[in-house]
Amino acid sequence: RTTKCVLLGLFGSCKASSDQYVMVFDSASAVSDGTAPDIHPIYIKGGDNFFIELPVRGMEFDSGVYVAFSSTNSTLTKSTSDCWFTGVTV
């Protein structure tokens, strides 16, 4: 999402055989490799589905929300994995 919002939940699937990390950024546009995420990376085992439910009021993002799969857990290293996301925002 490219405007201020509240993220209530996020779910998706990772089709990669290797383990990945879901990273969430407060950004209205794509984030460059090497950028640290705004919340702790979420570990996803290769081939698994995932669901992230945020607290009752959600998590506010001032600029927008950008979500990506990363092959590393400290900074974004965009993965070429087959993956999808669905985010619930207000």
### Query
So, does Thr77 use its side chain to make a donor-acceptor pair with the main chain of Ser70 at under 3.5 Å?
no
### Query
Is the shortest heavy-atom distance from the side chain of Pro37 to the side chain of Val24 under 4.5 Å?
no
### Message
Using the side chain to side chain contact (heavy atoms under 4.5 Å, CB included) criterion, which residues pair with Phe85? Sequence neighbours excluded.
### Response
Leu10, Val22, Phe50, Val67, Phe69, Cys83
### Task
Write out all pairs satisfying salt bridge (charged side-chain N to carboxylate O under 4.0 Å, His left out) with one or both partners inside residues 48-60, taking only residues at least two apart or from two chains.
Lys4-Glu60
### Query
Are Val65 and Ile44 in one and the same hydrophobic cluster, where Ile, Leu, Val, Met, Phe, Trp and Tyr link if side-chain heavy atoms are under 4.5 Å apart?
yes
### Message
Give me the atom names and distance for the closest heavy-atom approach of Thr72 to Leu76.
### Response
OG1-C, 4.4 Å
#### Entry: Partners meeting side chain to side chain contact (heavy atoms under 4.5 Å, CB included) with Ser74 (sequence neighbours left out)
none
Quick one: side chains of residues 25-33, donor-acceptor pairs under 3.5 Å with protein atoms, not counting sequence neighbours, listed by atom name and distance.
unit_1, atom_1, unit_2, atom_2, d
Asp26, OD1, Asp62, N, 3.2
Asp26, OD1, Ser63, N, 2.7
Asp26, OD2, Asp62, N, 3.1
Ser27, OG, Ser29, N, 3.2
Ser27, OG, Ser29, O, 2.8
Asp33, OD1, Lys78, N, 2.9

### Message
Taking transitive links into account, so neighbours of neighbours count too, which hydrophobic residues share a cluster with Val56 at under 4.5 Å side-chain distance?
### Response
none
### Heavy-atom closest pair, residues Cys14 and Gln20
SG-CG, 3.5 Å
### Message
Taking side chain to side chain contact (heavy atoms under 4.5 Å, CB included) as the definition, give me every residue that meets it alongside Thr3, ordered by chain and number, with sequence neighbours left out.
### Response
Arg1
### Query
Rounded to the nearest 0.5 Å, how far does NZ of Lys45 lie from OG of Ser18?
10.5 Å
#### Entry: Partner residues of Tyr21 under the ring pair (Phe, Tyr, Trp, His ring centres under 6.0 Å) criterion, sequence neighbours left out
Tyr43
### Under the side chain to side chain donor-acceptor pair (under 3.5 Å) test, residues paired with Asn73 that sit two or more places apart
none
### Query
When clusters are formed from ILVMFWY side-chain contacts under 4.5 Å, directly or step by step, what else is grouped with Val6?
Leu8, Val88, Val90
